[in-house]
Structure formats: structure tokens, C-alpha cells
Amino acid sequence: MNVSGKIAELDQEKFRVFLQWLHPDVKRAGHIYEDIRFKLHKFFEWRGCWECEECADITIDRVLHKVTAGEEIRTSNHYLYFLGVARNVLFEYWKKPKSTPVEDVTESKQLYTDPGQHEENLFAEEQWSKQVACMKRCMSTLPEDKRVLITGYYQGKRREKINNRQKLAEWLNLSENALRLRMFRIRDELEKCVKKCLKT
Amino acid sequence: MNRRQYLLGLLTERQQHKIEERYFARDDMFHAMLAAEDELIEDYIKGRLSRREKKRFESYILAHPQWSQKVTTMKAMLQVLKEDVTAKQRNFFSVVGDTLRDIFSILNRPGRVYALSYAVVFFFILTGSLYLYYNVQSMQSQLSQLERGNKTLRDNDIMLRQRLSEQASRNGQVAEMLEQEQQKRKQLEEQLAAKTPRLFSPSFSLQPGVLRGVESHKRLVFPSSAETVQLQLLADVELDYRFYSIVIKTVSGGEVWSKTYISADEVEQQNVVNLNVPTALFAYDDYLLTLSGVTAAGETETIHSYFFSVIPR
């Protein structure tokens, strides 16, 4: 189980109790924990929170403390309980004065005002080339099956593309949603790889 | 579409809560949200968003550093994939070109025997490929022609069936009308028969035989008021001729009356021929009636002769 940094630093015993609360089976509890963490991250991102990781950690931390403190938590669904806590965290985030300078936000917005000029404004020609080069490198490190999958997934235009995706899902014996999730993960993997590549 | 509006922050708080509860509780809904995010970015990059969506995307989403990173990654990825596909296509043509160049370079080598063999092999491969290509094309064309022909036949068949059904319906109407007409005619004939006074028509049976004074000799005595006399010709042979003819002559040889092509249908029984003869033909005299038959081969045979005397009153 890949447990994120902050939680790993927590008291192991408390964390064990927390997992036990999530599910009696440790392996299954680990999956649920990762799942909740990912959903929280996306929730904060989709609701315009710039500090998604931190907010997700705060949410988990709050639930964990309630559980380990022996507070009675009445819920039929753990996921919905986390959502309730996450909403409070988000509300507090909005109320909190932002550390990001206003100039930065304005600049960031201005950079994307025209998608046609996106390349020129956001990155210099050189930076864009570097981005593409990194993407090429990252894609070449992908296993063959993932590369074929991503090529097939984005192949074609409109109707053709929809048909391609249906065929891919049939071929892999997956539902269309499962195929989308797989693509999301590959893209996420690429994104991390490109970020790493750009830093070097 | 609600998912996209959610991502663009265009829903009310209540609507947002509803979507969030769904994607937190159900994995398939969460996956659908991820897909919607993916498609939104792709549509933005490819300029497929509406004006409102584009504006909102730029002000609400691109302000977010993580989203901007996503957009850049996606854009770079799409470009690399596009280049990759183009490179593969280019690579295919360059492989074909290289192969052809190799063949020609082999042909230019000093070893003429090898060159000639390669040339022959190449020629056969090329010819074979062309032959196959044209055959496939021709078969496809024939197939489409057959399909067209088949369709025309099917259409004709449907049309003929329609016409037949119309004709059958019309025939039914005609048959009905005919039946009505026949019934009317029968009724009229019955009415006419009821109104018309019955005419007296004496009837006589004639035995075959030509000699006067023998038992077969018949005396026909009928009143002058009788318009016709009914003669019943008895035969002692089976009457199975196609047609019959009758000639009545006086004993001195003068022909009084004749009737030819009496059809077999008019012969009521197999050994009886009935005929009506006008009484006006007869005077006080002796007569000879000859009954002949026409065989299937067309030959005329005399069947019987009947002798009788007429005594009008």
C-alpha cells in the first residue's frame, strides 16, 4: 500500500485504528484510503482550491483524529462522511486570506486568454520545445501496451474517435468508464514524468 | 453536460452537492467525472468549446496552476501523438521507397544473372499484386451490380404481386357481376316461360332399320298445329363419336332436312340422339333418316338409318 508522506509520519497505531474503521480487511482498507484520498484531491481541485494536496490531508487528518479519539461517527457511507468534512475544509480555505500575490493570479489568467496564442504566451518557444521533448521521452518510456492504448484513444475525429474508444474498450474487455480511468492514469503518469523531466 | 458545468463552476451550490455526493459514493460516477475533465481539456485545446464555455474555462479553470499544467501536458501529448502517427505514415512510404531503391541497386550490380533473377521475381510479384488488385476491384464491382440487380428483381416482384392481387380482385368483381347477370337472365327466362303458352311438340322414338313393313317402321301422325316434332333416335351401338350428322330424305331421294356437327354433348345418353325437326318440312310421304358419326380421326361413318312415314292431320 502506498501511503502518502504526511499520513506515514503519523502514529502507526492511530493509523491502524483508522484503517480498521475504514474496513476490517487491511488490504481492502488500504484501497479505500487511497480511493478517498484521490477523490478528495479531485474534489478540491474541481472546486477551485489551489492547495488540493494540503486540503485533502487536512480532511483525512480531521477524520482520523475523530476516529482515534473514539468519537461516535454515524454514517452509512464513509465516502460521504469524508465529503462532509471536506466541504467544511473548503469553506475555511475560501475564508482564509490567500498567500498567492494578486499579481500572480492576474498574470496566470492573462496567459490563457487566447488558446491560439497559448504557446507563445505561456511558454517561450524554447520552453514549449522542452515540454514536447520531455513528453516524447516520457512516452517512449511507457510500456508498449500503454503507448498503443493512448494512441488509439486519441486517434480520429469526433464520431471516428468515439468508435475507436468503443472498440478499444471491447478489445480490452473493459467498460467505457474503466477505459477512461485507465487513460486518466496513463496521462497522470505522463504528467508526473514530464514534471520530473522539466526539472532536470 | 452537468459534469462539464460542474467543472466550469456553473452550477448552483445545491446542484454541486448532488454531483459530489454521487461521485463520492459511486466509482462509475467518479470515473465519468475524470473522463469529463479529460474531454473538457481536449475540447478547449482543439477549439471546440462554445464562447461562454471558453471564457469560463479561461477565467475559472486556467487560473488554477494544476489545471494549467494539465492543459500543457495534454497539448504536448496530443502533439507528440500526432507527430508519431505522421512519422509512422512517413515511415511506411520511406520503407516502400527504400525497398524499390534496393531492388534497383541490385539490378545495377555487375552480377547480371542475379540482377535478372531479381528482376523476374520483382516482375512476377508486381504483376501478381496488380492482378489481385484488379480482380478484387472487379469482384467488388460485380458484387455491387448483382446487389443492384437483386434489388431491381425484388422491386419488380413486389410490383407484379401487387398487380396480380389487383387483377384477382377485379376478376372477383367481374365473376360476381356475371353471376348476378346469369341469375337475372334465369329469372327472366323463367318469367318468359311462365308467360309463353306451351307449344305442342309430339315426340316419337325411332328404331334403326331401313326396310318398310318391318317392326322398325314408324308412322308419325301429328296434328297440323304442331310446329316441331321431336324425334328420339335409338341406337344399338355405343355412340362415342366426336360429332354427329343427320340427313332426312324422301324415299325418292330428295333431301328434306339435314343437320351437321351435332356435338357429343347434345347426345343425352350414350345410345340416344334427340332432335327437333320442324313439321312444315314433312308431307304425306315415306322418309329415310341417316345418322352418321365423325370419328376422332375425322372419318365419317354411317351409324344407322331410320325409316318412317309421316301422316299429317
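Note that these values count all heavy atoms, side chains included, but never hydrogens, waters or copies made by symmetry. Reminder, nothing fancy here: chain letters follow the sequence lines and each chain counts from 1. None of the values given here were measured: they were computed from a predicted structure.
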S.K.: In this structure, is the centre-to-centre distance between the rings of A/Y93 and A/F44 below 6.0 Å?
M.R.: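 Ring centres of A/Y93 and A/F44 not closer than 6.0 Å.
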S.K.: Given a strict heavy-atom distance threshold of 4.5 Å, which part of B/L8 is in contact with chain A: side chain, backbone, both, or neither?
M.R.: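 Answer is neither: B/L8 stays 4.5 Å or more from chain A.
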S.K.: Counting only heavy atoms closer than 4.5 Å, note whether B/R22 contacts chain A via side chain, backbone, both or neither.
M.R.: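 Contact with chain A involves no heavy atom of B/R22 at all.
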S.K.: Check whether A/R47 gets within reach of chain B through its side chain, its backbone, both or neither, counting any heavy atom under 4.5 Å.
M.R.: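 Both parts, backbone and side chain.
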S.K.: Counting the benzene-type ring for Trp, do A/Y79 and B/F30 have ring centres under 6.0 Å apart?
M.R.: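 Ring centroids of A/Y79 and B/F30 are no less than 6.0 Å from each other.
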S.K.: Given the ring of A/F82, does A/K39 sit roughly above its face, with NZ or CZ under 6.0 Å from the centre of the six-membered ring and within 45° of the axis?
M.R.: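 No; the conditions do not both hold, so A/K39 does not lie above the ring face of A/F82.
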S.K.: Tell me, side chain or backbone of B/M33 under 4.5 Å from chain A's heavy atoms, or both, or neither?
M.R.: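 Contact with chain A is through both the backbone and side chain of B/M33.
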S.K.: With a 4.5 angstrom heavy-atom cut-off, is it the side chain or the backbone of A/C49 that approaches chain B, or both, or neither?
M.R.: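 Looking at A/C49, just its backbone touches chain B.
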S.K.: Less than 3.5 Å apart, any donor N or O on the side chain of A/E170 or A/Q166 sitting next to an acceptor on the other?
M.R.: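 A/Q166 and A/E170 do not have a side-chain donor-acceptor pair below 3.5 Å.
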S.K.: Could you check whether B/Y44 and B/E58, counting side-chain N and O atoms only, form a donor-acceptor pair closer than 3.5 Å?
M.R.: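 There is such a pair (donor and acceptor under 3.5 Å, judged by atom type) between the side chains of B/E58 and B/Y44.
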S.K.: Between atom CZ of B/F24 and atom CZ of A/F43, what is the distance when rounded to the nearest 0.5 Å?
M.R.: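 Going from the CZ atom of B/F24 to the CZ atom of A/F43 covers 6.0 Å.
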S.K.: Counting only non-hydrogen atoms closer than 4.5 Å, does A/Y81 touch chain B with its backbone (N, CA, C, O), its side chain (CB onward), both, or neither?
M.R.: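 For A/Y81, neither part sits under 4.5 Å from chain B.
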S.K.: Which atoms of A/L179 come close to chain B, meaning under 4.5 Å heavy atom to heavy atom: side chain ones, backbone ones, both, or neither?
M.R.: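 Contact with chain B is absent: no heavy atom of A/L179 under 4.5 Å.
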S.K.: Taking side chain as everything from C-beta outward and backbone as N, CA, C, O, which of these in A/R165 sits under 4.5 Å from a heavy atom of chain B? Side chain, backbone, both or neither.
M.R.: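 A/R165 touches chain B through side-chain heavy atoms alone.
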S.K.: Measure A/D188 against the heavy atoms of chain B and call it side chain, backbone, both or neither at under 4.5 Å.
M.R.: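 The answer is neither part of A/D188.
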